[in-house]
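Source: prediction; values computed, not measured.
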Amino acid sequence: MSITEASNPTAGPLLLTVEQAAQQLGVGRTTLFALLKSGELESIPLGRLRRIPAECITEYINRLRVAARENQAA
């Protein structure tokens, strides 16, 4: 996501809570925390809070898609 896209008022937040990220991925909080702990999904500390950059959700989905294509080709 570029800065221009991020400044679009219809775009969502740049940093997501764990609950928001889980909802976007269609998984539960426990699964999302497991993804964070394993390093499969990046997060950043913001004071005492933990936030997931929206672009990291997209990158994670793209990695899953590539892996699925490779498995189909094998």
Same cluster (ILVMFWY, side-chain, under 4.5 Å), I61 and L35: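 Yes; tracing contacts between hydrophobic side chains, which count when under 4.5 Å, links both residues.
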Sequence neighbours excluded, every pair satisfying salt bridge (Lys or Arg N to Asp or Glu O under 4.0 Å) that has a member inside residues 18-39: E19-R29
Donor-acceptor contact below 3.5 Å, side chain Q20 vs main chain T17: yes
Distance, nearest 0.5 Å, that separates SG of C56 from CG of L36: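 Taking SG in C56 and CG in L36, the distance rounds to 10.0 Å.
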Euclidean distance, L32 CG relative to I57 CD1, rounded to 0.5 Å: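 So the gap between those two atoms works out to 6.5 Å.
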For T58, all residues meeting side chain to side chain donor-acceptor pair (under 3.5 Å), sequence neighbours excluded: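 None.
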E40: partners by side chain to side chain donor-acceptor pair (under 3.5 Å), with sequence neighbours left out: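 Partners of E40 under the side chain to side chain donor-acceptor pair (under 3.5 Å) test: S38.
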Selection residues 59-74 - residue pairs positive for side-chain hydrogen bond (donor to acceptor under 3.5 Å, both in side chains), sequence neighbours left out: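 Sorted result for residues 59-74: empty, none.
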Just distance, no hydrogens or angles: give the donor-acceptor pairs under 3.5 Å from side chains in residues 45-54, sequence neighbours left out.
from : atom 1 : to  : atom 2 : distance (Å)
R50  : NH1    : S43 : OG     : 3.1

Side chain to side chain contact (heavy atoms under 4.5 Å, CB included) between L25 and T31, worked out: CA-CA 10 Å; L25 287 172; T31 300; over 6 Å; no
